[in-house]
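For reference, the structure is listed below as structure tokens.
These figures come from a predicted structure and were not determined experimentally.
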Amino acid sequence: MRPTARLLNSFLLLALPALAASWVPVLESLWKAGLAVLVMLALIDLIRLRRLPTPGVSREIHTTIPVGVWSEVRLILDHRGDAPVDLRVHDHHPPDCQVEGLPQTVQLLAQRRISVGYRLRPRQRGERRFPAIDLVLGSPLGLWRQKRRIDHPTRVRVFPNFREIAHFALLATDNHLSQIGVRKRPRRGEGSDFHQLREYRTGDSLRQIDWKASSRYRRLISKEYQDERDQQLVFLLDCGRYMRHEDADGAHLDHALNAMLLLSYVAARQGDAVGFLSFGGVDRWQPPIKGGNLIRRMLDRCYDIETTLEAADYLGVAQKLMPLQRRRALVVLITNSRTEEQQNLQSAVNLLARRHLVVVADLHEASLDKMLGLPVTSRQAALRFQAVLDYVETRKAGHERIQYRGARVIDSRPQQLPVNLVNAYLDVKSSGGL
């Protein structure tokens, strides 16, 4: 219970005749009468405030919201009292979220229900909780205010930015993947799974001609094949310390998760099964699955994965995957490696390539490209440029050794990873390498 500025100002005003009463004694009785009236009004107002019923309040928010995107939260206020009440409402939102629209001051009329809203943008993925809602009620005369806490626990899961993934998925559904940079190479039915018969087209190979069907219809008929289906895709997701790096558009791990989910959607539409194994301090295994709920299950399993301070053990995760994934699969290792880890990474690729087709998606910081693009205008700038260039060349040489061992390497900025991964997957499917 706290006095308002109105009550404090009233006492200050009464101090003026109290001072004047020392020179004009006749004002003393007036000052005491005014003080008695003010104290009486304050006590009556305080009693009325304490008797005010607490308005009912509830919170409306989606149980799953995307990271880095503004989401709407609604607070429903229900006043069952017989008199209007002024109040200020504040929601106990998660501390790591950015908020607009709180606190709010509203007037609740008698026997009325209103809704107030604010916007919230989470900065990190994972589970977040809203424990309670604070209501600060004003007394009828505006002399007091009282804070009342209403426990209203709500659990919200902050997922990767699935709105962006849904946009990519919509383009894939509409066969407009070229709008985001995904190349779909024209093919003439050169997969290995039979799809259908059709009339011969210029450019079809002789082995595609179905001679029995051609003699029956008295015109050339070709067999059309499609990409192999029912194959398996497994991600190895690095959650170690180097994936903690953040560029302007977010952390490397967030971009890696977005890329993983987008490629999972594309692979599911191709009829393939998708799974993942995380490492680098977070050990989580999802066996390859397929079906309409694949993306939902992947989200449920990976939405709360965060980076750690541990180093990535590439050989260790390769040794762990081999008994878990005995069927040949496309293994996509998403990481941000350093030159001192290249030997360990090459050993892991050697082991995985014995059974699987391996793609290494190695992220690099945007600052490297920016540094190489700056003009060299001083000795210090020249030394910095040469140091970055040496690092990039050493990194490139390590990637070439990995490719020599049979793996494909994608050296990508985090923002470009989703498109680059889908392109690599489509190249593998079109080549029949899996």
Side-chain angles (χ1 to χ4, degrees), residues 160-162 164-173 175-185 227 231-239 242-243 245 247 249-279 286 288 290 294-295 298-299 301-302 305 312 314 317 321 325 329-337 345 348-349 352-353 356-366 399 402-403 406-431 433-434:
N161 188 0
F162 49 78
E164 180 178 352
I165 300 168
H167 170 66
F168 289 158
L170 181 61
L171 292 175
T173 303
N175 296 319
H176 291 155
L177 281 173
S178 60
Q179 294 182 17
I180 59 174
V182 174
R183 305 182 304 271
K184 295 196 67 177
R185 296 181 177 179
D227 290 333
Q231 295 176 332
Q232 295 196 345
L233 168 64
V234 177
F235 293 95
L236 295 181
L237 181 64
D238 182 6
C239 304
Y242 294 126
M243 295 294 283
H245 185 85
D247 289 332
D249 296 330
H252 285 194
L253 182 60
D254 289 334
H255 290 289
L257 285 172
N258 285 346
M260 187 176 79
L261 292 170
L262 173 62
L263 183 51
S264 298
Y265 177 85
V266 175
R269 287 182 55 82
Q270 296 288 328
D272 294 341
V274 183
F276 76 91
L277 175 62
S278 60
F279 65 102
Q286 171 61 58
K290 59 190 303 184
L294 186 150
I295 299 299
M298 292 284 286
L299 279 170
R301 290 287 291 156
C302 70
I305 291 179
Y314 302 112
V317 73
L321 179 67
Q325 182 63 32
L330 173 62
V331 176
V332 179
L333 193 159
I334 306 177
T335 185
N336 181 350
S337 70
L345 180 56
V349 170
L352 293 171
H356 307 295
L357 179 61
V358 183
V359 174
V360 178
D362 201 359
L363 303 178
H364 67 264
E365 291 78 6
H399 290 165
I402 293 174
Q403 289 175 321
R408 304 188 182 200
V409 178
I410 302 173
D411 189 3
S412 173
R413 286 188 183 184
Q415 298 86 343
Q416 300 168 346
L417 182 62
V419 171
N420 291 338
L421 271 188
V422 174
N423 279 329
Y425 168 79
L426 295 178
D427 285 344
V428 170
K429 296 289 286 187
S430 63
S431 65
L434 187 57

Taking C-beta and beyond as the side chain, do Lys429 and Gln231 meet within less than 4.5 Å on heavy atoms? yes
Which atom names give the shortest non-hydrogen contact between Pro414 and Leu363, and what distance separates them? CA-CD2, 4.1 Å
So Asp238 and Phe279, do their side chains get closer than 4.5 Å, heavy atoms only? yes
Measuring from Leu261:CG to Cys302:SG, what's the distance to the nearest 0.5 Å? 5.0 Å
To the nearest 0.5 Å, atom CG of Asn420 lies from atom CG of Leu263 at 11.5 Å
With no hydrogens and no angle check, just 3.5 Å: does a side-chain donor-acceptor pair link His399 and Asp362? yes
With a 4.5 Å limit on heavy-atom distance, are the side chains of His252 and Leu417 in contact? no
From the options His356, Gln325, Lys290, select the one residue that forms a side chain to side chain donor-acceptor pair (under 3.5 Å) with Gln232. Gln325
Nearest 0.5 Å, what's the CZ-CD distance between Arg301 and Gln286? 5.5 Å
With no hydrogens and no angle check, is any side-chain donor or acceptor of Asn336 less than 3.5 Å from a backbone partner on Met243? no
Might you work through the side chain to side chain contact (heavy atoms under 4.5 Å, CB included) test for Tyr314 and Val360, ending with a clear yes or no? CA-CA 11 Å; Tyr314 302 112; Val360 178; over 6 Å; no
How about Leu262 and Val422: do any of their side-chain heavy atoms sit closer than 4.5 Å? yes
Between SG of Cys239 and CD1 of Ile305, what distance do you get to the nearest 0.5 Å? 5.0 Å
Just wondering, do Phe235 and Val274 contact through their side chains at under 4.5 Å, heavy atoms? yes
From Gln270 atom CD to Leu233 atom CG, the distance as rounded to the nearest 0.5 Å: 11.5 Å
Does Leu345 reach the side chain of Leu333, with side-chain heavy atoms less than 4.5 Å apart? yes
Decide yes or no for Thr335 and Leu236: does some side-chain heavy atom of the first lie under 4.5 Å from some side-chain heavy atom of the second? no
One should read off an interatomic distance between Asn423 CG and Ser412 OG, to the nearest 0.5 angstrom, of 10.5 Å
Sub-4.5 Å side-chain heavy-atom contact between Gln403 and Arg408: no
Check the pair Arg413 / His255 against side chain to side chain contact (heavy atoms under 4.5 Å, CB included), numbers first and verdict last. CA-CA 9 Å; Arg413 286 188 183 184; His255 290 289; over 6 Å; no
